[in-house]
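Note that the structure is predicted; figures quoted are calculated from it, not measured.
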Amino acid sequence: MNTQKAKHTATVKQIASDLGFDACGISKAVFLENDAVNLEKWLNNGYHGKMKWMENYFDKRLDPTLLVPGAKSVISLLFNYYPEKMFDNEDVKISKYAYGQDYHFVIKDKQKKFMQALTEQVGEIEGRVFVDSAPVLDRAWAAKSGLGWIGKNSMLITKQKGSFYFIAEIIVDLDLAADLPTTDHCGTCRACIDACPTDAIVEDRVVDSTKCISYLTIELREQIPSSFKDKMEGWAFGCDICQDVCPWNKFSQAHKTQEFFPNPTLEHLHKNEWQEFTEEVFKEVFKKSAVKRAGFIKLKENINFCK
Ligand code: SF4
Ligand code: SF4
């Protein structure tokens, strides 16, 4: 490897560490051939449900050079959101990633700092940052760069600390040394498939979103079909079941990021208060939260549906 490439690669990894990212992997910015086949099949099966936007930008999802002209590398970043304690509320559950502030803003802010530091050290480069906000297959890139493997629950699993991570990417026209993918460590385990209450994991690594509680409680902008009535297990926003049962998540460690600490009101909300949730409480509790994505009416409907 030439010395400049090695130096730039070391710089990237150092900046990631300085900014508090838990892991950083690098891939060549090439067309994702295997993922193209899988994505097409998934869409053709209608597993994206009413998320019609997923049909758009098919090529851009797979080819980073269509997002950043001249792109050479994709930098994948992981940020831990595993909380110190779970909400002890049997009646209403929300996904751990939404306990604190909206990750889109928190992570994007860090990515902007990343680009600034990188430019300062390597000179002018073209690059774009993505966090669940543009047509980028984040898990595929993270797996390609060796940060983990795609588990049977379709999440990115790391051997070190499980799967409770936000994944972000930075696509740059900077030549960097690519990391090697890791091996799959699911083995004969099928805990996630067996635990899914709606049978949404239809085959290894394939989730039918139309059956997934995350989709039903966040993305679906209409009534949740009554066939799911007794299967929600209390989840009102998202669902962590297939991650909670994953043996690799025994290695999860609590994050220390202030922004992701739960809103104290949320932490102490009692069962009955959830049922009487008003728009004022919603605005206060979820002021900066990703739960705002669902909206007050949807969350209220979810709470009533899953109780
Ligand atoms: S998030 Fe919940 S509903 Fe969706 S696949 Fe996992 S266990 Fe099933
Ligand atoms: S629960 Fe088992 S099969 Fe599912 S992702 Fe984890 S290790 Fe893989």
Point to revise | Electrostatic pair Glu222-Lys50, nearest N-O below 4.0 angstrom | key: yes
Sequence neighbours left out, cut at 3.5 Å: what donor-acceptor pairs do the side chains of residues 287-294 make with other protein atoms?
{"residue": "Ser289", "atom": "OG", "partner": "Val291", "partner atom": "N", "Å": "2.9"}
{"residue": "Lys292", "atom": "NZ", "partner": "Lys287", "partner atom": "O", "Å": "2.6"}
{"residue": "Arg293", "atom": "NH2", "partner": "Glu219", "partner atom": "OE2", "Å": "3.1"}

Practice item. Could you verify whether a donor N or O on one side chain and an acceptor N or O on the other, from Gln14 and Asp18, lie under 3.5 Å apart? Key: yes
Review point. How about Ser163 and Asn249: does a side-chain donor come under 3.5 Å of a side-chain acceptor?
Key: yes
Review point. Sequence neighbours excluded, which residues qualify as salt bridge (charged side-chain N to carboxylate O under 4.0 Å, His left out) partners of Lys298?
Key: none
**Study point:** All side chain to side chain contact (heavy atoms under 4.5 Å, CB included) counterparts of Asp244, not counting sequence neighbours
**Key:** Lys96, Phe164, Trp235, Asp240
Point to revise | Set of residues satisfying side-chain hydrogen bond (donor to acceptor under 3.5 Å, both in side chains) with respect to Asp179, sequence neighbours excluded | key: Lys13
Between [X] and [Y], does the ring centroid distance fall short of 6.0 Å?
| X | Y | result |
| --- | --- | --- |
| Phe261 | His255 | yes |
| Tyr99 | Phe260 | no |
| Tyr81 | Phe166 | yes |

Check your understanding: Name the one of Cys239, Cys306, Pro225 that satisfies side chain to side chain contact (heavy atoms under 4.5 Å, CB included) with Leu216?
Key -> Pro225
Review point. Quick one: hydrophobic cluster around Ile193, which other residues, with the 4.5 Å side-chain cut-off, linked directly or via members?
Key: Ile201, Val207
Can you give each donor-acceptor pair under 3.5 Å made by side-chain atoms of residues 114-124, sequence neighbours left out, with the distance rounded to 0.1 Å?
{"residue": "Thr119", "atom": "OG1", "partner": "Met115", "partner atom": "O", "Å": "2.6"}

